[in-house]
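Scroll down for the structure; my scribbles are underneath it.
Chain letters run A, B, ... following the sequence lines, proteins first, then strands; residues in each count from 1.
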Protein chains: 4
Amino acid sequence: MAEIKEASSAEVGATAPGVRARRKAQRPQEILHAAFDEFVERGYTATRIEDVANRAGVTKGTIYLYFQNKEELFQDVVRKLSQPIFNEEQFWQEHQNRPSDELVRLYLDTVYEHMTVNPYSREILRFLISDGRSFPDLTASHYEEFVRPILTMLQHILEKGVREGIFRPEAAASQMSYILLSPALTLTIDKLLDCQTDLPELGDYVNAHYEMIMRNVRN
Amino acid sequence: MAEIKEASSAEVGATAPGVRARRKAQRPQEILHAAFDEFVERGYTATRIEDVANRAGVTKGTIYLYFQNKEELFQDVVRKLSQPIFNEEQFWQEHQNRPSDELVRLYLDTVYEHMTVNPYSREILRFLISDGRSFPDLTASHYEEFVRPILTMLQHILEKGVREGIFRPEAAASQMSYILLSPALTLTIDKLLDCQTDLPELGDYVNAHYEMIMRNVRN
Amino acid sequence: MAEIKEASSAEVGATAPGVRARRKAQRPQEILHAAFDEFVERGYTATRIEDVANRAGVTKGTIYLYFQNKEELFQDVVRKLSQPIFNEEQFWQEHQNRPSDELVRLYLDTVYEHMTVNPYSREILRFLISDGRSFPDLTASHYEEFVRPILTMLQHILEKGVREGIFRPEAAASQMSYILLSPALTLTIDKLLDCQTDLPELGDYVNAHYEMIMRNVRN
Amino acid sequence: MAEIKEASSAEVGATAPGVRARRKAQRPQEILHAAFDEFVERGYTATRIEDVANRAGVTKGTIYLYFQNKEELFQDVVRKLSQPIFNEEQFWQEHQNRPSDELVRLYLDTVYEHMTVNPYSREILRFLISDGRSFPDLTASHYEEFVRPILTMLQHILEKGVREGIFRPEAAASQMSYILLSPALTLTIDKLLDCQTDLPELGDYVNAHYEMIMRNVRN
DNA sequence: CATGAATGAGAATTCATTCAT
DNA sequence: CATGAATGAATTCTCATTCAT
């Protein structure tokens, strides 16, 4: 989490006119992160605004200067702290001319790297599973903006492989990317449950996942 | 839910001494189901005991005749409404002499049938993702009693296939069953999020899942 | 306390026609004693009817067969378990012709003996101090029936001593018995507070009390 | 009660920064007094936090800004509203060179004056008799801080009289002060019970008490 | 802008009392 | 008579939200 907070501070710090203004400009971010942490620890309903305020180093009233109410705060946490894994355009540019099986590997590495480094996606998934029914639009838009692109990206790689003839035609069937990505979700849920499942090393797991995909898509 | 209520009435109905006794015997089940429904709709923290009571057709006080407090009620919901998918022994007896690939198919059909017919496992997963950190033992024991057996069952089928030479030796590697079962979990989470993902028919999905497994385990 | 419970059982036991009837006849007494014990341990408000019932070996409903409600139960405990220390007439008959100073000693011994053997007076005093304002008539009538006679008895002894010329005339002044009996009340309060005051042996205390009286009343 | 409230305002009033701060500084005292009054009227258990709040002119929630819970409130009432009768050092300074019998009289006058003017000691005794068993440390520390010093003070006066030869040696025996002070406690209990005992004027009672003491301690 | 005292609508829990069996 | 399941009013305590300073 730290690296992200720092990233966001960095964005602001450089050109801000004074300490006061800098503080002020950061406030919403600081509050969002404090809220995120509290929501992770206690869940939405059990989190008290005052806890968020304390963690953010401000007082209750201040929260209400930046967020209408607790529900808005929650939704803003989900909306503003969600981070896309891929910029698809950039991915294609960076990896032009690579064979499709290598692209699958790069894709997978990126997905697991993101999951490893960054607790946001995982915990936001928890928020949506726990309290999403109270915020149906939020769930839908989060899915469209942050989940679907990941599936679409894989779909595009698979289609490329099919076009190139190294993947079998059925590899681009509609539900395929969905099924092929599943093991990553399984690992996520496992961490959310935090129960001692005896999983192997992450590296082995990624390899196994990669091989599973290949056996399904290769001609 | 229906089948459970009926089961419990059946146990008691015949020999119950009087109306009062019969009611008393059913109450805990009725309350558990009402609580389950409310927890599903609102989540643990946002559910009020009075809501549970109203849904169960009793008053607040009655809840406390049968459950110490809200936390115990929650834990009892998870413990008592969880249902094992397989009786492994019975599975083997019923399907003696079947070839391993057919067993995989039977296994998968059972898993998806269970998921379709019965909201308990799915919603209890939601409970544990949402509030499991407040009840760590609960999560652990639920995992051991209801989740691990499903993985173990698959593992045993895979091992049988390997022994018979129709599955490749790596099919019984430790993380394999974990990975191969993932698509079922994905579907579960999808339903928990209740967002309009454009999944195909369940039948097609199961077929795709089955084929994914076969491509990974066949020699 | 035991000896009193036994006393009351004994009264009934001998000639009762059957066990059932005997039980029934004892019920109110048993409930009163159970209630007394609970009130002593927890105080009036904090005592639950069910605790009383459990201690009496019956169920909640049964209490209401014998007592209108909790308030009545409390008042009956005070009224029916209060025990007079003296039967004044009997005292005079038994100790005819004794000199007055000896009567004072006999009187004092009786008072302290009663206090030692029997927790009722003390605890009923606690009840009245704690909750008497909710039952003003109760307090008044208890005072008249059980407290004033003790003071009057002493008053009469003092008057006798004055008549006989061995006590000075002022010994029979109106507030005198009140003041002279005070040390016994002090000891009672001390026990009610149950704080470790470093009082000497009871015997020494009674001697000191007796001497205090004598120094005040002797000519 | 008045004098205490005023005292606390005086401490703060002068330099307080604003109305809010001034209010905040007074609130705990105001609540303590309101709680005291309610506890006196209804007893600890029967007093509702809301009653205290209403009497203090605030709402329920406010009580909890200043006191953790009802038990703490009760204990703070006992601890913070208890007032020592004597500052022993000051007593000796003010009354240097007075004969011991005169000191006894001054002592007694102070005790009864305190009892007359100030309901705190009396009612706190009620609290401890009623509910002290739920707060054993409270009872013990109250005894040490507020009761024992009164007995010790008398003990010291008696010892001085013995040294000076005007009191007989036994006047300083350990239980003596305990016995000699008893009539004051009797009067206190009498007021707690609020039953119409036909006591004479307070002045006469104090005189009688004083004479009782003198007859016991004079050579 | 920021504060934090105050509010008051709830929510969990308890328990005297009733009444069908 | 006795039971004990059920009730529901009452009570403690919490916390999102407001607003005077």
Task: Pairing partner (Watson-Crick or G-U wobble, both distances under 3.5 angstrom) of F:dA20 - done: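 Across all strands, the one nucleotide that pairs with F:dA20 is E:dT3.
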- [ ] Please determine, for F:dT14, whether a Watson-Crick or G-U wobble partner exists with both distances under 3.5 Å, and give it or none.
- [x]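 Across any shown strand, F:dT14 pairs with E:dA9.
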Counting the atoms with a prime plus P, OP1 and OP2 as sugar-phosphate, which does [X] contact under 4.0 Å by heavy atoms, base, sugar-phosphate, or nothing?
X: B:Phe67; value: nothing
X: D:Ile49; value: sugar-phosphate
X: D:Thr45; value: nothing

Shortest side-chain distance from [X], nucleotide among [options]:
X: B:Thr62; options: F:dC13, F:dT12, F:dA6; answer: F:dA6
X: C:Lys60; options: F:dA5, F:dT17, E:dT3; answer: F:dA5
X: C:Tyr64; options: F:dT3, E:dG4, E:dT18; answer: E:dT18
X: B:Leu65; options: E:dT7, F:dA6, F:dC13; answer: F:dA6

TODO: With the side chain counted from C-beta on, respond yes when B:Phe74 and B:Leu138 share a heavy-atom pair under 4.5 Å apart, and no when they do not.
DONE: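 Yes, close enough: below the 4.5 Å cut-off.
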Task: Validation row: D:Glu50, D:Glu38 side chains within 4.5 angstrom (heavy atoms) - done: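 In short, these two side chains do not touch, never coming nearer than 4.5 Å.
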Open item on the list: Nearest whole Å is fine: how far is F:dG8 P from B:Asn54 CG?
Closed with: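 Distance, rounded to whole Å: 11 Å.
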Open item on the list: Please tell me if D:Tyr66 has a side-chain N or O lying less than 4.0 Å from either OP1 or OP2 of E:dA5.
Closed with: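 Looking at the OP1 and OP2 atoms of E:dA5, neither is under 4.0 Å from any side-chain N or O of D:Tyr66.
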Task: Contact nearer the 5' end of DNA chain E, comparing D:Gly61 with C:Gly61 - done: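 Counting from the 5' end, the first nearest nucleotide belongs to D:Gly61.
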Task: D:Phe36 and D:Tyr120 aromatic centres sub-6.0 Å - done: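 Yes, ring centres under 6.0 Å apart.
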Task: Test: D:Arg55 and D:Glu30 ion pair at under 4.0 Å - done: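 Salt bridge flag = no for D:Glu30 with D:Arg55.
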Open item on the list: Please compare B:Gly57 and D:Asn69 by the position of their nearest nucleotide in DNA chain F and report the one closer to 5'.
Closed with: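 Its nearest nucleotide lies further toward 5', so the answer is B:Gly57.
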Task: Comparing B:Thr59 and D:Ala46 on DNA chain F - which has the more 5′ nearest nucleotide - done: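 Per heavy-atom nearest nucleotide, the more 5' residue is B:Thr59.
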TODO: Would you kindly check if the NZ (Lys) or CZ (Arg) of D:Lys70 is within the cone defined by 45 degrees around the ring axis of D:Tyr44 and under 6.0 Å from the six-membered ring centre?
DONE: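 So D:Lys70 does make the cation-pi contact.
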